[in-house]
Amino acid sequence: MEESVQALINDFQGTPTFNYKAAHVFFLSPCPEPLFKELRKSRITKVIKTLKEINMAFLPYESRPLACTPWTGHRASTTGSAPTAFSKRTSRWRCWQSRLPHCVKPWRSIQPSATGMDHEDNFHLAHAVLAKLKAFKAYEPSMGEWPGLPRLGSRCLRNPTVLTTLGPQVDALDPERLIQCPYDKYHRIRACWFPYHLIKCRKAPHSVTIEVLFVACLQTLCTYFCNVNTSSQVPGRSPSLPGAQWPGPSISKISGPSVYNEVVSLLAHMDDQDKGKIALRIAFIAETKLAIVLTVLLEKLQKDEQNRIDIYCVLEKVLQQDTQGLERRLLKKIITLASNHMTEKTQEARNELKVAASNTLVTLARCYFSDVMLELVYHLELPEEFIFMTLGNLSSAYALKCIPFVGMILKVMISMLALVKDSRMRQAFCGVLEKCSRAVNVYFMNWEKCPFPRMGESQFCKNILPLYSHVTSNWLSCEELELKKAVIKALGPMMGILLHKKEPQNPIFKEISWLLEQYKEEIDVFHVTKSLSQLLEVSGEYKIPLPKAKFQAICSALHNQICSPAKQLSIENHKELFHCVLLLARSSPDDMLAFLHKQQKIEHEAVRVVSLELLRAIVGADLPETRVKKLLIVKSTLSDQNATTQGTFDRFGSLIGRIAPYSCDSLATSRQWVVDCISCLLCIQGQSINLGSAEEELRCLREALTAPDPEALFQASSKMARVVSEYFPSEQATDFIEATLGGLLSASPTCATAAGLWMKIILKECGGAMLDEVPDILAILYRHMPTIQEGSLRQFLVEAVSILAHHHQEAVISSLLSKRLPMDSDTAELWRSLGGDPLLATQVLQALIEKIKTPTRTEGSITSETEIDKHLAAAEPLSATCAIFEVVSALQSSKAVRELLPELFPVLLQQVSQTLGQKLPLPTRSSPSEIRKGLQLPEGNPCRLSIKALESVLFKGGNERLVRALRKQRTWTLVENPKTHHEGVCLLVRLLLRSGLITPEIIQSLLPWVNSPSENHRVTSTAFLAQLMSDPMLREKKFLKPVLHILEEKSHDRNSIVQQMAVRGLGNLVYGAPEKLKKHKKFLMVILIRALSDPFSSEVIGESMKAVAKVLKELKEKDIGSSFRDLTQEIRTYFDNEDDALRLWSFVLFGILARLTKRKWKGYFAEQECRATFHLCVPFLGLKRLQTAVNEHLDGTAELKPEELQVDICRHLAKENAELLENLYKSTIMYFFSRWEEIRAVAVKLAGIILEHTDRQRMKWLNLDHLLMSLQFLKKDPSPSVQLVATEVLNDICPGRVLGE
């Protein structure tokens, strides 16, 4: 070990530049502390990427020790270096590889080459084995652990610790206990001798070397695969992975029935409804119940063979969300089922099912790439079409993640070349080659973003070259079009890799001729162009010159493709052809321009037109290689008499956009060339018109452009723009804007300013005729905003939007509202630009108000579709709401907001109500891939966005104090919560009333909401009116009568919160119009008493009790009338209610009724209600004997004797609850001075009874002096009956008896 460590240290010292870029160190036995300290002090600490101590106890599954040459110490793998001494010695590799059983199939293709294995092969193998072992370890934590053996982990060089001695803790009480040796399973050693045995056994010939480690790991994998229970497998399928069997109870037992039933119900209706909507709904449920939903789907995949494809689509949608916390058992189950379905060989297996399973694995790989990739590598035994397809899709979707596996995949593919004979299999094979090669090319451009050690071009080239040679030698002559297309698609990326090395360049250049010949075949030539494009990109990026003959051949082929009238070019092929021309222009600009000028001299008109188009594309691209020649190219082109009028006319706008900015170039000659070019363009554009004064103006401006002053140049350039605007074709506005903005960043500051001025002037002068182009113009401006950040240039963009809005306000607003939510900063800035324009702001706000009032998705009956969609907010009204926030924020004055507040407040409150509990709408889908894969729900709270807009309106209207109060009382928090929304609305209205912001117009706007089919609207409006009832404004503004009628109607609503708010509003009449209370008393009491018996909502009952309490406090006994009996009976029913709040309010109400009772209902109340109330209250005391005694008095039909009842109560309380008796006494003496003489008399008599039945030992609470003084005072009471009772009690009280002395 010491020799190996010293050799490692020596490799990284001496010169400032190390021999290797990085090192990966693995210790197979404990490193001595002195040696470890020496390693820590060396310079290697700067480059070590991996430092691991591998626990030998991780090998319990060895069948027997392998006798290989021992190798002690560490294994250092260096990145980006020549092969190490270890990797060159392939004899050991062959030694242990020959011992591997045939079950180790995934790595069968990794054979030692003639030059020996290098560290890359070891790197791939080690990572693959480690990933597999980690996957199995997750299912069986005890795997690889040896009882009593300490586990070794990584050690930090910067904070080393003493390595724990390898071995178990010896049991001092049982020295004879046998312990298993970690090096040889046949060794069982006594505990007292075990430490010595470890030292000896570690040095034995069967010591665990690096070779043995790999063999043991691989055998562990094979053992797992061979031992898995295969009883339930389908014939022909691969064995399941560990953990794939379905553990535990079924989903119906482990989860609540609600989630299970909902998911099952949705799956059952996949045929009846929109499958995409159902998948979206299940994915929404999975956001909080992921494990349950996945379990249901997996169960259905196993049982429901008919609908497996649809279930896989749903599973794919669910897996598109974040699944980082997924249980390992579920992960393995998904991988196993999908891979089994994908590789199924039965006749019933459908390709659609295999595609669905493949797509699911690709989606799952977003969070679990290694697990999915290793499963596919395991199945890569023989050529399998859908394994190839999935590997290709993984490489395409996760280019950088797949890099560590590319070498292994390519080696396996090399080994099976002879087996790939079927045409479909060859197509799939080429698909993997294409996408893996694309991933490698992406890696070359972005290697610094990859977390793995950097791999050089040669490491990939040596694996690609055999495959490229085989394909070009054997498959190019194929006749099947689909296979030929697959070969063509694979050639480009492979050529791009191989071009990095000089040796294979000539064979690659040779195949260019074959590739160009394919333009003549009956195939989709886009793929030919794409392969050429990839080849040219690498050639240009790495300065690899093409042979001149090949360069000319490519130019001719591309030019002929564009000119050919025989084939209709697709849009994508047309773009790719032009892209190839630009790549050629970058590679050799002089040759490319010479070729195009030569083509312009050909008499064929189509050829000349195409040549002009290509020249325009080169000028427009503003390539560094052609920038100096740009104006000369344009000038010579326009001056060419052979140029066709039609070709130039169609490009007038784009050419003006490219040329005009250079009217302020730093070179005077360039500025004058611009005038000449524009003169030519105007002559061609207006050849049927007499230009007259325009030509004269341009001649004058040509002289003005010689001035050195920038301001003078800007003025002259602006005048030139106005001249051009008179002849500008409005249908070419998008071409002009695109060309102008395209050169904005690459131009000099003065040229960029000139471009902005031209854009503003053309839009201002010609914008009236550009209605149809408005959406496209706005899209171009929006697309360039992220790249144009400089303040003055960005201002041109936002001003352009304002200019367009002055011409076509509705079109601009509609286009901006179509942007996806949540609104990004660029869209917000465009809205603020409209708000900052005083002439536009008010009009824009009014237009946005109308957009919210008349949304595209109207309210209607709830169907199955709207049931699924109802949790998503309507897009346009929400976008308009967010736009209002931005426009209001940019207003220069608060006057507009104050004037529009009666319109703004209702529509924004309506939007708050409408979006309550909803999520942001899905963005508009645009591509087939997005439609197939679906989209994640964007994050955001629509209700909060609406509240934000409402708050900004209140703040901008000059109500800063109100906004602070709303925030302080957490009003918005209540409003945005569906459970507390109604309380938040009440609080909001209360504060608005204090600020005087509620107007009759606002009230009138809200009244229709009470009949809305939307429950949210009914809740909001009823809560609004309920709080409004507490203010005199309703009566003053003549709204009281209609609002009372509405509240009476809403007290019958099917929504319990609406009922609750209606009842509250009726009770608030006490505060808003107390003088009208007696007029409506009968009407009120009927509604409130009926609400007391609501069978469904305790909230409605509680609210009714509070309202009754408010009303009763303002009425007299005669005002209640016959409702008294009904009210008391309803209240009694809640005395023993389980709800504490209802029980409390029932007692409060009963107390109010007791105080209210005078003459008419006094006898009824005292005899019936008080008796019943007392009977109901006693059980709550918890005194069983007292309850029995009371029942004897109250349950019978005999006449009640109050004095006997009082005696029994006091007697039992004295024995069972003295504290309660004390409270009874203190409450009783408070009635000594009641204004009712009957109460005074009964209170004195009860006090005497209490004293009579109280034990002397428990009378410490008695204030005898106060009692005697009170009784002496009552002896002089005006009532004779009170005098008599007070005298009797005084006579009964004996001081000696009371004091006990």
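The two residues Val897 and Val953 make their nearest non-hydrogen contact at CG1-O, 3.3 Å. A pairwise comparison of heavy atoms in Ala1091 and Val1063 identifies CB-CG2, 3.9 Å as the closest pair. Phe1232 approaches Ser1270 most closely through the heavy-atom pair CD2-CB, 3.9 Å. The two residues Leu916 and Asn977 have their closest heavy-atom pair at CD1-C, 4.2 Å. When all heavy atoms of Lys1076 and Leu1069 are compared, the closest pair comes out as O-CD2, 4.5 Å. Closest of all the heavy-atom pairs between Gln911 and Ser946 is CG-OG, 3.4 Å.
Rounded to the nearest 0.5 angstrom, Thr999 OG1 and Leu992 CG are separated by 10.5 Å. To the nearest 0.5 angstrom, Thr915 atom OG1 is 10.5 Å from Gln910 atom CD. Leu1084 contributes atom CG, which lies 7.0 Å from atom CG of Leu1044 (distance to the nearest 0.5 angstrom). The NZ atom of Lys1276 sits 10.5 Å away from the CD atom of Gln1283 when rounded to the nearest 0.5 Å. Residue Met1061 holds its CE atom at 13.5 Å from CE of Met1029, rounded to the nearest 0.5 Å. Atom CD of residue Gln1027 and atom CG of residue Leu988 lie 10.0 Å apart, to the nearest 0.5 angstrom.
No side-chain heavy atom of Trp972 sits less than 4.5 Å from a side-chain heavy atom of Val963. In this structure, the side chains of Leu945 and Thr881 stay at 4.5 Å or more apart for every pair of heavy atoms. Looking at heavy atoms from C-beta onward, Lys1041 lies out of side-chain contact with His1045 at the 4.5 angstrom threshold. Side chains of Ser1281 and Glu1237 form a contact here, defined as non-hydrogen atoms less than 4.5 Å apart. The shortest side-chain heavy-atom distance between Phe1024 and Ile1002 falls under the 4.5 Å cut-off. By the 4.5 Å heavy-atom criterion applied to side chains, Lys1110 and Tyr1071 are counted as neighbours. Annotation: side chain of Gln914 is not in contact with side chain of Asn1016 (no heavy-atom distance under 4.5 Å). Two residues are said to be in side-chain contact when any heavy atoms from C-beta on lie closer than 4.5 Å; Thr1020 and Val912 fail this criterion.
For the residue pair Gln1059 / His1052, no side-chain donor-acceptor distance below 3.5 Å is found, with atom types taken as modelled. With hydrogens and angles left out, the side-chain atoms of Ser1012 and Ser1014 include no donor and acceptor closer than 3.5 Å. For Arg961 and Ser995, the side-chain atoms include no donor-acceptor pair closer than 3.5 Å. For the residue pair Lys919 and Asn941, no side-chain donor N or O sits within less than 3.5 Å of a side-chain acceptor on the partner. Arg1018 and Thr1022 are not linked by any side-chain donor-acceptor pair at a separation below 3.5 angstrom, with hydrogens and angles left out of the test.
Within the 3.5 Å criterion, the main-chain N or O of Glu1001 finds a donor-acceptor partner in the side chain of Ser1005. Under the 3.5 Å distance criterion, the side-chain polar atoms of Ser1051 are matched with a main-chain donor or acceptor of Glu1048. Here the side chain of Asn959 pairs no donor or acceptor atom with the backbone of Phe955 at under 3.5 angstrom. With hydrogens and angles disregarded, a donor-acceptor distance shorter than 3.5 Å links the side chain of Lys1050 to the backbone of Val1010. The closest donor-acceptor contact from the side chain of Ser894 to the backbone of Gly957 lies at 3.5 Å or more, if one exists at all. Using modelled atom types, no side-chain atom of Asn1055 and backbone atom of Glu1015 make a donor-acceptor pair closer than 3.5 Å. In this structure, the side chain of Ser1097 engages the main chain of Val1100 through a donor-acceptor pair within 3.5 Å. Between the side chain of Ser1030 and the backbone N or O of Ala1026, no donor-acceptor pair lies under 3.5 Å. For Ser952 (side chain) and Ala949 (main-chain N/O), a donor-acceptor pair under 3.5 Å exists by modelled atom type. Between the Asp1277 side chain and the Val1282 main chain, no donor and acceptor come within less than 3.5 Å of each other.
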Apply side chain to side chain contact (heavy atoms under 4.5 Å, CB included) to residues Leu950 and Val975 and explain how you reach the verdict. CA-CA 12 Å; Leu950 179 57; Val975 169; over 6 Å; no

Intermediate values then yes/no, side chain to side chain contact (heavy atoms under 4.5 Å, CB included), Tyr1231 and Arg1240: CA-CA 6 Å; Tyr1231 290 97; Arg1240 294 198 299 274; over 6 Å; no

Pair Leu909-Trp1009, side chain to side chain contact (heavy atoms under 4.5 Å, CB included): steps then yes or no: CA-CA 11 Å; Leu909 184 60; Trp1009 298 8; 4.2 Å; yes

Should Glu1099 and Ser1056 be marked as a side chain to side chain contact (heavy atoms under 4.5 Å, CB included) after you check the CA-CA gap, both sets of side-chain angles, and the distance that decides it? CA-CA 8 Å; Glu1099 288 78 10; Ser1056 61; 5.7 Å; no

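Within a 6.0 Å sphere centred on NZ of Lys289, heavy atoms belonging to other residues, nucleotides or ligands number 12 at most.
The pair Arg967-Glu951 counts as a salt bridge, with a side-chain nitrogen and a carboxylate oxygen less than 4.0 angstrom apart.
For Ser1104, the side-chain hydrogen bond (donor to acceptor under 3.5 Å, both in side chains) test picks out no residue, with sequence neighbours left out.
Exactly one of Leu1040, Leu1006, Leu1034 qualifies for a side-chain contact (heavy atoms from CB on, under 4.5 Å) with Leu1028. That residue is Leu1034.
Evaluation of the salt bridge (charged side-chain N to carboxylate O under 4.0 Å, His left out) test over residues 1060-1071, restricted to residues two or more places apart or in two chains, returns Glu983-Arg1064, Arg1064-Glu1103.
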